[in-house]
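Quick caveat: nothing in here was measured; it's all calculated off a predicted structure.
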Amino acid sequence: MFEQKLLEGLAALRIELTRLKPLETGNCSGGNADVIPAELMTTEAFQSWPSTYVQHVAIKKLRLDCDTEDARVLALLAHEVHLLKDLSHGSIVKVIGFVEDIKEGIVWLVLPWEKTGNLREFVRSAHWEFPERISLIYDVANGIVNRKNEAVLTDFGSARPVEPTSGDLAQSRAPNAESVPHLNSVPPKVQVAPCGETITLTGPKWTLRWAAPELLAGSSPDLASDIWAFAWIFWEERTPPCNRDGSEPSKINSARLLTSLAYMHIRHDRIEQAVESLQRAMNIARSTNDDRATADVVRGVGEIYVLRGEYSKAEQSYFAARDIYHRIRDRGGLAYVANGLGQLYHLQGEYLKAERSYLIAREIYAGIRNRIGRANADIGLGQVWCSQGEAAKAMQYYLAASNICSQIGNKLGGANAAKAFGDAYILQGECRKAEESYAAARAIYTRLGDQLGLANSICGLGGIHRLRGEYTDAGQAYAAAVDIYKRIGNHRGFAYAVKALGDVYGLRGEYSKAEQFYVATRDTCAQIKDKAGLANAVKALGDVFRLRGEYSTAEESYITARDIYAQLWDQVGVANTLNGLGQVRCSRGEYSNAEECYTTAYDICARIGHRPGLASALYGLGEIFSLRGQHAEAEQAYMAIRDVCTQIGDRAGFANATKALGDVYRLQVDYSKAEEHYITARDIYAQIRDQGGVANVANGLGQVYCLRGDYSKAGECYVTARDICGQLGHRLGLATAINGLGQLFAHQNIPTKAERLYQEARSIYVEIGNRSSLANNLWCTGWLYRSQKRYDEAEELVSEASALYSELGLDKYLLKCKEFLETIRTRKE
């Protein structure tokens with residue numbers, strides 16, 4: 001029997017009759033089938049999750065009677081199972097399986113149970129307001145075209161593919177229609193349902209309720225009949241129910257729709273509207289004892305707490321939602337909660353917990369055949385590994401997500417995966433590949449009209465420009481993202497992009513402008529109660545104050561940020577602020593305190609497996625060892641950084657560590673080794689198009705050649721650094737190069753040029769507020785004047801330098817200034 005062979009090919013979906021327990025209430029009938037609620041016994045094992053599930057399902061019993069041929073009923077069953085098993089869409093019911101024993105008269109389709117599960121019952125369940133009806137129509141429209149752009153008509157329980165005619169979207173047809181059995185050998189049969197209100201045409205091709213007149217006349221379904229059917233759907237949803245028995249409309253019950261609207265608001269960062277919708281939904285859900293809606297609301301509250309940085313409350317909400325989902329045996333809800341917990345733990349730097357939660361979600365999604373959910377869990381797992389510096393492992397999950405989205409035609413998921421690939425490539429220093437990924441994501445978001453995704457991808461491209469030192473392009477990208485976030489009302493994205501603009505100005509050495517952007521970010525985050533964003537902005541302000549030499553203010557900012565991160569249990573954030581505090585104390589010469597900060601940060605990152613943080617802490621320790629003259633220990637620290645960066649594929653980090661090794665060898669007067677490492681770092685920076693890195697190495701090489709007396713090469717290096725920094729708008733790097741040229745001419749005993757260059761560099765240091773570099777510049781100029789016997793001017797400048805060193809807490813340099821001034825006064829006498 002052909003139909004039996006078709007069902008044999010669906011053996012994986014066959015369910016044993018003994019696993020089903022029909023319930024007595026809630027039965028309803030259609031033209032050719034009866035639908036009854038039942039319990040499906042199944043066992044799943046997940047660590048720390050409920051191990052036994054009884055799933056509430058609907059059994060669609062196809063009728064067998066003396067007028068019905070067995071082949072026809074089996075054909076109906078095979079058709080529906082074949083169609084539904086390959087569909088993955090939020091508006092289309094998912095098939096669980098089937099039970100078939102034709103001899104015993106059993107031909108059942110097993111589907112998830114939904115109260116008011118078809119369109120007509122759902123519309124009649126409440127007095128829907130106009131916005132709610134429009135939203136519902138939108139959901140139905142999404143069900144008509146699936147994520148492969150295959151035209152599918154559905155009434156939330158039955159669906160049909162429409163025959164292929166051409167490749168364009170307007171007449172899209174299922175590309176696999178030829179593999180779906182065409183079971184039209186038996187003429188359709190019209191029946192009236194027992195309630196007398198519904199006429200159903202029993203056949204696998206289409207449903208009479210929304211059928212166009214030409215179909216009844218024998219024509220085949222086409223685009224025109226699709227539009228007719230959708231028009232009826234629109235009318236049925238848009239028109240209030242007609243109460244033929246004279247009864248009043250049922251009580252308003254829109255908790256689930258309100259929750260869906262809330263999730264839409266959450267995605268677009270409209271938190272106030274989301275809270276309002278959730279409050280209304282909760283009131284309705286409680287008054288109607290709708291546990292599923294209650295769980296969805298509680299989960300939504302958890303998402304809002306995450307956005308606000310109230311992670312402890314978010315976890316409590318997720319746990320509460322999980323308990324309800326378990327009680328009502330909603331595995332999809334359990335998967336959503338596990339996914340949310342994965343995101344929460346990831347934000348807190350609890351990577352093991354995050355991975356475990358995402359794996360649970362991934363497993364549940366796979367079990368219920370929710371491929372979109374599976375792809376989202378894969379992206380979450382990839383992000384967890386990215387945060388640990390494991391770009392290669394992250395890409396495995398991103399590839400899995402990308403493949404799923406490609407198979408089911410989910411373009412939005414494909415765009416999200418492309419952006420995630422870009423993040424991983426950045427971690428590996430593969431800026432070109434990252435740029436391609438972000439550009440691909442941007443193109444998809446643009447076609448889909450997804451403004452939020454578009455802004456996010458533009459921010460990614462801005463990050464590429466920033467890493468390359470293309471600060472003008474980076475600023476333009478972030479400014480464009482700011483405009484989009486502002487237009488769509490996404491405050492969180494707006495704050496992120498504004499902070500990124502501040503980062504660009506900070507890298508250019510324009511600290512006052514950077515401060516303005518960080519203050520704006522801080523104020524926005526405080527207004528929207530985004531504690532994590534607030535901590536990031538305060539930490540960034542600490543960086544600005546430190547770079548300007550305002551160490552006390554920087555220390556206050558770092559401590560404030562650290563305390564916020566600690567409240568959020570954000571271990572990565574705590575480690576980052578400790579690294580900042582270490583830099584402040586190192587600049588003050590408080591090496592023991594600085595070492596303590598770096599060591600604590602290292603221990604945190606080692607415990608949570610955050611390898612980029614390990615590299616940062618080691619970098620600070622290497623700097624302390626170098627300043628103490630412990631060159632062997634410094635070399636060991638920088639070598640360890642290179643090993644970490646090699647393991648995680650961080651080429652930029654590897655170049656930074658190599659450049660730092662060059663600094664160590666220069667201080668050891670091993671100029672050949674220093675030159676070798678500088679050149680290696682320069683080549684890597686050039687490969688990854690990091691112009692800022694190239695300029696920094698050029699300044700280092702300039703010092704080496706100057707100390708070796710190779711003034712020609714030194715001049716070329718300083719000029720190269722000056723030109724690059726001038727093009728990039730990097731004020732601090734520009735001043736450093738000009739100051740280096742001044743030192744070069746001083747070594748060559750050309751005081752006039754040296755003095756002019758020192759003054760030019762000094763004006764930039766004053767402009768950007770970099771007091772430590774200003775003090776060093778004054779010191780060098782004082783020595784120049786001393787060599788010219790201009791003792792009064794030398795005394796004045798070194799006194800200014802001494803005052804700055806005192807304010808900065810740099811006692812070591814204070815002693816040198818004191819000795820210098822005593823010598824000057826002696827010579828003046």
Side-chain angles (χ1 to χ4, degrees), residues 469 509 586-587 619 622-623 625-629 631 634-635 638 655-686 690-726 728 730-751 753-762 764-765 770 772-784 787 801 810 812-813 816:
C586 182
S587 297
Y619 206 96
E623 185 179 6
F625 294 139
S626 185
L627 289 169
R628 282 174 173 169
H631 300 306
E635 181 180 10
Y638 293 135
N656 293 337
T658 302
K659 192 263 181 189
L661 283 169
D663 295 336
V664 169
Y665 296 133
R666 174 173 54 80
L667 292 171
Q668 290 180 290
V669 200
D670 191 341
Y671 298 137
S672 295
K673 260 190 169 181
E675 180 184 19
E676 177 186 342
H677 283 75
Y678 282 143
I679 290 173
T680 299
R682 182 191 63 190
D683 292 344
I684 298 173
Y685 286 132
D690 183 349
Q691 291 296 97
V694 171
N696 289 337
V697 169
N699 276 326
L701 281 169
Q703 288 180 286
V704 167
Y705 293 138
C706 185
L707 291 169
R708 284 202 312 204
D710 196 341
Y711 299 135
S712 176
K713 283 187 176 181
E716 291 175 2
C717 289
Y718 284 131
V719 168
T720 297
R722 181 196 64 188
D723 292 345
I724 292 174
C725 292
L728 298 177
H730 188 254
R731 304 288 286 163
L732 178 59
L734 175 63
T736 302
I738 293 172
N739 202 74
L741 284 169
Q743 290 177 312
L744 175 62
F745 285 116
H747 276 284
Q748 293 176 287
N749 199 24
I750 308 177
K753 287 187 176 181
E755 181 180 3
R756 178 177 57 80
L757 290 164
Y758 281 147
Q759 289 173 346
E760 185 179 351
R762 189 183 315 146
I764 298 175
Y765 290 135
N770 192 310
S772 58
S773 295
L774 175 61
N776 294 336
N777 174 276
L778 291 168
W779 169 260
C780 291
T781 310
W783 271 96
L784 178 67
S787 68
L810 301 177
K812 179 177 68 173
Y813 298 109
K816 289 185 177 181

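- Leu661 and His677 get closest at one heavy-atom pair: CB-CD2, 3.8 Å.
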>> Does Tyr665 form a side-chain contact (heavy atoms from CB on, under 4.5 Å) with Glu676? I'd like the steps, not just the answer.
In response: CA-CA 10 Å; Tyr665 296 133; Glu676 177 186 342; over 6 Å; no
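- Residues forming a side-chain hydrogen bond (donor to acceptor under 3.5 Å, both in side chains) with Asn770 (at least two apart in sequence, or on another chain): Ser772, Ser773.
- In summary, the aromatic rings of His631 and Phe625 are positioned with their centroids too far apart to meet the 6.0 Å limit.
- Taking OG1 from Thr720 and CZ from Arg682, the interatomic distance works out to 9.0 Å, rounded to the nearest 0.5 Å.
- Rounding to the nearest 0.5 Å gives a distance of 14.0 Å between CD1 of Ile750 and CD of Glu755.
- The CZ atom of Arg666 lies 15.5 Å from the NZ atom of Lys673; values are rounded to the nearest 0.5 Å.
- Without hydrogens or angle criteria, Asn777 side chain to Tyr758 main chain gives a donor-acceptor distance under 3.5 Å.
- When all heavy atoms of Ala686 and Val694 are compared, the pair lying nearest together is N-CG2, 3.9 Å.
- Judged by distance alone, with hydrogens and angles left aside, the side-chain atoms of Ser626 form no donor-acceptor pair with the main-chain N or O of Gly622 at under 3.5 Å.
- The CD1 atom of Ile738 lies 12.5 Å from the CZ atom of Arg762; values are rounded to the nearest 0.5 Å.
- The two residues Gly693 and Asp690 have their closest heavy-atom pair at N-OD1, 2.9 Å.
- To the nearest 0.5 Å, the span separating CG on Asp710 from CD on Glu716 amounts to 8.5 Å.
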>> Tyr678 vs Asp663, test: side-chain hydrogen bond (donor to acceptor under 3.5 Å, both in side chains). Steps then yes/no.
In response: CA-CA 8 Å; Tyr678 282 143; Asp663 295 336; 2.4 Å; yes
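- Between Cys780 and Gln743 the shortest heavy-atom distance is SG-NE2, 3.6 Å.
- Listed by chain and number, the residues in a side-chain hydrogen bond (donor to acceptor under 3.5 Å, both in side chains) with Tyr685 are Asn656 (sequence neighbours excluded).
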Donor-acceptor contacts, no H, no angles, side chain residues 695-707, under 3.5 Å, sequence neighbours left out:
from   : atom 1 : to     : atom 2 : distance (Å)
Asn696 : ND2    : Gly692 : O      : 3.4
Tyr705 : OH     : Glu675 : OE2    : 2.6

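- Between Ile764 and Leu734 there is a side-chain heavy-atom pair separated by less than 4.5 Å.
- Shortest non-hydrogen contact noted between Ala754 and Ala746 is CB-N, 3.7 Å.
- Within the model, atoms OH of Tyr671 and CZ of Arg708 stand 9.0 Å from one another, a figure rounded to the nearest 0.5 Å.
- Contact check for Tyr765 versus Thr736: side-chain heavy atoms found under the 4.5 Å cut-off.
- Aromatic rings of Tyr638 and Tyr619 (six-membered ring for Trp) have centroids within the 6.0 Å cut-off, being under it.
- Counting all heavy atoms, side chain and backbone alike, Val664 lies closest to Ala634 at CG2-CB, 4.0 Å.
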